[in-house]
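One structure is given here, and the rest of the page talks about it.
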There are 2 protein chains.
Amino acid sequence: MTQPGPIPRRTIQRFSRYLRELERLERDGVETTSSAELGELVGAGDAQVRRDLAFFGQLGQRGVGYSVKTLIEALRATLSLNHEWRVVLVGAGNVGRALCTYKVFRERGFRIVALFDNDPRKEGLTWARLKVQPMRELKKTVREQGIELGVIAVPPEAAQDVADQLVAAGVRGILNFAPARVRVPPGVQVCSADLAVEMEQLAFLVANADRQVPQRSNQRR
Amino acid sequence: MTQPGPIPRRTIQRFSRYLRELERLERDGVETTSSAELGELVGAGDAQVRRDLAFFGQLGQRGVGYSVKTLIEALRATLSLNHEWRVVLVGAGNVGRALCTYKVFRERGFRIVALFDNDPRKEGLTWARLKVQPMRELKKTVREQGIELGVIAVPPEAAQDVADQLVAAGVRGILNFAPARVRVPPGVQVCSADLAVEMEQLAFLVANADRQVPQRSNQRR
DNA sequence: TAGATTGTTAATCGATTAACAATC
DNA sequence: TAGATTGTTAATCGATTAACAATC
């Protein structure tokens, strides 16, 4: 039976990882896999994998395993990765430049189609075929280009203001790289890639490697 | 009473966010705060904040609140942010370049003191006063420079190999930007900054904004 | 004292894991 | 049939929240 209720966040994150490993298996010509193998690849238990995949209904075959192809299709559909996502990037700094050319986004169907910065000295610069545009053009561009997602790569003091402008422009989801909390109205989604938090967590774990429960840390064994 | 047992990961992450907001309060001349205010700032409930802070023992004053200064000290000590962390960065690509000059790391006491890449064409390049070194010098540099943390910013296929080399060189913690799982022996810590997973999660949430439980998403309201 | 806010307990919620019958 | 592996239930674990006595 298909699992009822909304899919937990952690499950979604594992979906991304399953998909990535499955695509590799497919490239290697593997046609069938098992919950144990998949778990091993992403660092999860077999029961966990089966439970996650149960959200798709009964996709596996008892005694046999799962079809790699079927799983890939189900995961792509669930993660909405068939459709190409149009993305606007705000912030033409160091992080912004790296993201403009970030291959992993592009491969997954995330297309950065516009680039904004409020610094007039940067206006007109071209990175990866994208002209840096001034913020006043944001709304128009989002509408005309059918942009659904925004990425914030500006200093923390400016993050909330940029988020507000993105929301006003009609963006439906925001990936926030600024080390600051941004608030958005209901219906708009925010995910945060807070590198400082990750790094500080790492420092804590290293400093307390003995005191804390050993391992099971980030990815389980 | 001080909370017993190891500090949960989520609590550590909130510690980073509390600290950031507290430092801002301090800059603004605020001397006292409350669990309600702090919760509002980082997007957590007041009970959550009190429970987190209880790991430090009884730091607050009933009826009054918490001293900003005292909290900052406790958080800095717990997160081991007094001590300066020496970091090696592997991967002189787009992501690597952004990280070399990433102000947020530097402000928090993370110093990138060496840069490596296995591409001989990049050898000798200088970014942010760091010369790109060949991998064969990794072990020596880590030892001589007293480096404790490593950052992986290479393509996914190379990530595990780089991780192995970092571990062999004596690094105690790894921040992995490659969209791939890396395994490390017990005693070495790994945190992952998997931008693809974050972006795909965002896409899923946007695509299912109606079906999924509204909000409470990443940061709670 | 009255009002505010902590520290902590108990209740709740959610996610993971173990176990095993179902079935290929 | 025997061996393998799923789908699912129940048990466990861990983290969050509500509530309130303690106390400034």
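Convention: sequence-line order gives letters A, B, ...; per-chain numbering from 1. Remember, predicted model here, so these are calculated numbers, not experimental data.
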For this session: Can you sort out which residues in residues 59-77 of chain B have a heavy atom within less than 4.0 Å of DNA chain C? Ascending by number, please.
Result: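 Nucleic-acid contacts, sorted: B:Leu59, B:Gly60, B:Gln61, B:Arg62, B:Gly63, B:Val64, B:Gly65, B:Tyr66.
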For this session: Return one dot-bracket line describing DNA chain C 5' to 3' (Watson-Crick or G-U wobble pairs, both distances under 3.5 Å; ( ) same strand, [ ] crossing, | another strand, . none).
Result: ..||||||||||||||||||||||
If the condition is side-chain contact (heavy atoms from CB on, under 4.5 Å), which residues does [X] pass it with, not counting sequence neighbours?
X: A:Asp46; answer: A:Ser35, A:Ala36, A:Arg50
X: B:Glu37; answer: B:Leu25, B:Thr33, B:Ser34, B:Leu41
X: A:Gln160; answer: A:Ala163, A:Asp164, A:Val182, A:Arg183

Rounded to whole angstrom units, what separation is found between the [atom1] atom of [X] and the [atom2] atom of [N]?
X: A:Asp46; N: D:dT8; atom1: CG; atom2: P; answer: 16 Å
X: B:Ile12; N: D:dG14; atom1: CD1; atom2: C1'; answer: 15 Å
X: B:Arg51; N: C:dA10; atom1: CZ; atom2: P; answer: 11 Å
X: A:Arg50; N: C:dA19; atom1: CZ; atom2: P; answer: 12 Å
X: A:Gln13; N: C:dA15; atom1: CD; atom2: C1'; answer: 13 Å
X: A:Asp52; N: C:dA15; atom1: CG; atom2: P; answer: 11 Å
X: B:Gln48; N: C:dC13; atom1: CD; atom2: P; answer: 16 Å

Exercise. Tell me, do B:Val68 and B:Thr32 make a side-chain contact under 4.5 Å, heavy atoms counted?
Worked result: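 In short, these two side chains do not touch, never coming nearer than 4.5 Å.
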Exercise. Within the pair A:Arg14 and C:dT16, is there a side-chain N or O less than 4.0 Å away from OP1 or OP2?
Worked result: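 Yes, such a contact exists.
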For this session: Would you kindly say whether B:Arg86 and B:Gln145 are connected by a side-chain donor-acceptor distance under 3.5 Å?
Result: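 A donor-acceptor contact under 3.5 Å links the two side chains.
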Exercise. Regarding B:Tyr18 and B:Asp52, is there a side-chain donor-to-acceptor distance under 3.5 Å anywhere?
Worked result: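 Yes, a side-chain donor-acceptor pair sits under 3.5 Å.
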Problem set entry | For DNA chain D, the residues among residues 27-35 of chain B that have a non-hydrogen atom under 4.0 Å from it |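 Within this stretch, nothing sits under 4.0 Å of the strand.
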What's the spacing between [X] [atom1] and [Y] [atom2] if we round to 0.5 Å?
X: B:Glu21; Y: B:Glu26; atom1: CD; atom2: CD; answer: 13.5 Å
X: A:Arg97; Y: A:Leu89; atom1: CZ; atom2: CG; answer: 12.0 Å
X: B:Phe105; Y: B:Lys103; atom1: CZ; atom2: NZ; answer: 14.5 Å
X: B:Ser80; Y: A:Leu205; atom1: OG; atom2: CG; answer: 10.0 Å

Exercise. Where does the angle between the aromatic ring planes of B:Phe110 and B:Trp85 fall among parallel (under 30°), tilted (30 to 60°) and perpendicular (over 60°)?
Worked result: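 Rings of B:Phe110 and B:Trp85: parallel, as their planes differ by under 30°.
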